[in-house]
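Have a look at the structure below, then the notes.
Both backbone and side-chain heavy atoms feed into the values below; hydrogens, waters and symmetry mates do not.
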Amino acid sequence: MNEFYRVPALVLLGMLLVAFVLLYLQARTIRRLLWLVGWSMVVVHLVTEVVGIHRAGVGFAIANASLVLGALMFLGSMSPLGFKRWPKILYVYAFSAPLLLFTILASLKSPSMPGRIVLGLCTLAAVYSAILWSSRDHLLPKGFTLLFSIGVGATCLWLTYQNEYLFVMYLAQSSSNFITALLFLAAYRRYSPGIILTAAGFFLWSTPVFLDFLVTRPGLPMLLVGRGTNLIKVMTAFGMILIVLEDELAQNRVAKERDHRARVEMERYSEIDLSLLSGIHMEAAYQRASEVIAEVSRFSEVVLFLINVEGYFGVAAHAGMNNQMVAGLEALGKRMTIEQAKIFSRSENTTVEMGDTVLLDLRPLFIPDDLLESQQYYKAHAMPLVRRNGEIEGIILLSGLKRPGKPLQADDLLPLQLLAARLAAIREHDALLQRVARSERLAGLGQLAAGVAHELNNPLTVVLGYSQLMEEALEGHGAHEMATRLRGSAQRMHQVLESTLRFWKASPTACEAVSIPEILRDLSRLQRPEFTRRQVDLELHLPDSIPLIEGNRSHLQQMFLHLLKNSLEAFDSSVNGHKHSVRVDVSQHADSVKILISDDGPGFANPEHAFDPFFASKWKRDATGASLSLCYAIVRDHGGEISAHNLEPHGSVLVVELPFSQKRSGFVQNGWKQ
């Protein structure tokens, strides 16, 4: 007979099915797709009951298959595990295929002996898939699900042997609903209306199967069981829709909180006065930035690495770290060059998180008895400070993740990435301003020196002429030596004036392809005896792959000779038995050749004024600074940059950058463009 009392439940489930379709179209996830398929099967099963074709034949097979498949879809949605192969096949598919075949064959007609063998094989395949599924790590304890699968599977095998095929189908559907209820509780771990209705619905849904099997005669008990089951289905579907709505509300609330936190974080970063980077409070600005990052970001431990002139990483500031950890990071930075960092960033120990932010496994960089290993500082997030030309000038190292149970999101890292970009841009802008200011200062000094030289040149020419005449006239006289000294002093004054004019105005001269390593090797052979006499080691690190540059060979030789002598003069001329060293490093960068000439002497008194004409460049030597100002003029003529820096704890380094591109400004085929 037709069971029209199920029509209201069918209408309600149909409306809820439309809601599931809309939810799936809103977010096409595997879970929502399986929910949609599951409830579609429930509606199909209910349709077969309403029209009365669920008792025999094809209708009976469709009713049973939809009932079992719906339960399996709900189970698979909460445990979307698959085989570790490509393409990925979910366990629910492998579990459903033999069970569906079993259901269809058992529902159509009484199976013959070959049919019974097929049914037994289907049961065995389904049980095997269920055991494999339960042996994987998932939300429920592996031991419980494995024992449950073995117990239910053994029961199904015994029932199949006893030809109780219908009860095998009912038991599979009931067990699936029971495990699904547990998975909902384990997955969401909250006591919201949606979870309570859904979990309770699946628990209750797993019991009427047994009652329906036991109550076989028409009457009030069967009517109550049927209507109660339909009510449970409607309650479960409504609970699952509530879960989706609760999740979206929670996501919206979390998104608002994250947006608020990101906005507050960016506001705090914007309050950092990075203009101090160009002043004497540079270290305080870096330290303040690190402290703010540790306070408002997702990370409680922050260290700022900056690349020094020697190409190594030095700790500029830190926050949230103890002294042992900072010491270990400082030692690690001294062992790491920028080239080594680039190689390490391409290794398997680096995982890209978002954008330029990467997760580093630092353990391969440890040395025996490393302080970082004793502090269990194994992993950290790295955020580079990148210039506009793509070169890295520093790294923000982040660790100590707050709320480690929550994964990092884009809005957790975006404010930090903006701050890193701002730091890099301000540092680059400040370096450019310093170069411009130095050029303007030196240009002003050059104009003044050129004016003085021009005014002194004519009277000095007169002095040179008359001193030479006096020297010739006083030949053999006692005053001849004084005339000779007078002419020599005048000649030295003339040389100083010529170097001053050279500083002010570039000298047009022929150019050629020049090898910097070759020039430095030639100079080292000439100057090594003097270095040996002064007990100073001269170390050369000259790669063979350095490209040629276009310039004047003699001028470059003169410049490097002055720079080597400048470093040699950093040491006392007296031999005291203490061994010193001067190191020359040449490397290739994006569009230039970089030369570092460093020493372990006392350093510059004022590095920012090292190239000013007539300014003392180092302690106790080169009182006029003329040689370094001449070096500056030569480097400027070649379109390059030269700078002086003091090293920690002692020592100094002169950095020369010469472009090897033919398109640099100021250079023409036959000389220097005016």
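Within the 3.5 Å criterion, the main-chain N or O of G239 finds a donor-acceptor partner in the side chain of T198. In this structure, S270 contributes its side chain and E267 its backbone to a donor-acceptor pair below 3.5 Å. Under the 3.5 Å distance criterion, the side-chain polar atoms of R253 are left unmatched by any main-chain donor or acceptor of E248. The closest donor-acceptor contact from the side chain of R363 to the backbone of Y378 lies at 3.5 Å or more, if one exists at all. No donor-acceptor pair closer than 3.5 Å links the side chain of R261 to the backbone N or O of S297. In this structure, K342 contributes its side chain and T337 its backbone to no donor-acceptor pair below 3.5 Å. For the pair S175 (side chain) and A172 (backbone), a donor-acceptor distance under 3.5 Å is absent. Checking side-chain atoms of S149 against main-chain N and O of L146 turns up no donor-acceptor pair under 3.5 Å. No donor-acceptor distance shorter than 3.5 angstrom exists from the side chain of R136 to the backbone of W133, with no hydrogens or angles considered. A donor-acceptor contact shorter than 3.5 Å links the side chain of T145 to the backbone of K142.
Listed here is the closest heavy atom pair of A65 and L100: O-CD2, 3.7 Å. Between Y269 and R422, the shortest heavy-atom contact is O-NH1, 2.9 Å. Residues H45 and S66 approach most closely at CB-OG, 3.2 Å, considering heavy atoms. Of all heavy-atom pairs spanning A319 and A294, the tightest one is CB-CB, 4.0 Å. Shortest non-hydrogen contact noted between L401 and K406 is CD2-O, 4.5 Å. Residues S206 and S174 approach most closely at O-OG, 2.5 Å, considering heavy atoms.
The pair D370-R335 meets the salt-bridge criterion, with a side-chain N (NZ, NE, NH1 or NH2) lying under 4.0 Å from an Asp/Glu carboxylate O.
Side-chain contact check for N64 and T103: no donor-acceptor pair (N or O, by modelled atom type) lies under 3.5 Å.
A 6.0 Å sphere centred on CZ of R403 holds more than 12 heavy atoms belonging to other residues, nucleotides or ligands. In F366, the CZ atom is crowded: over 12 heavy atoms of neighbouring residues, nucleotides or ligands sit closer than 6.0 Å.
Taking the six-membered ring for Trp and the full ring otherwise, Y161 and W158 have centroids separated by 6.0 Å or more.
Legend: residues meeting salt bridge (charged side-chain N to carboxylate O under 4.0 Å, His left out) with R298, ordered by chain and number and at least two apart, are D412.
Under the 6.0 Å distance and 45° angle rule, R32 does not count as a cation-pi partner of Y24.
With respect to F184, the ring pair (Phe, Tyr, Trp, His ring centres under 6.0 Å) criterion is satisfied by exactly one of F203, F202, F74: F202. Screening L13, V47, T236 for a side-chain contact (heavy atoms from CB on, under 4.5 Å) involving V42 leaves a single residue, L13.
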For residues 350-357, tabulate all N or O donor-acceptor pairs below 3.5 Å that involve a side-chain atom, not counting sequence neighbours.
{"unit_1": "T350", "atom_1": "OG1", "unit_2": "F344", "atom_2": "O", "d": "3.0"}
{"unit_1": "T357", "atom_1": "OG1", "unit_2": "Q417", "atom_2": "NE2", "d": "3.0"}

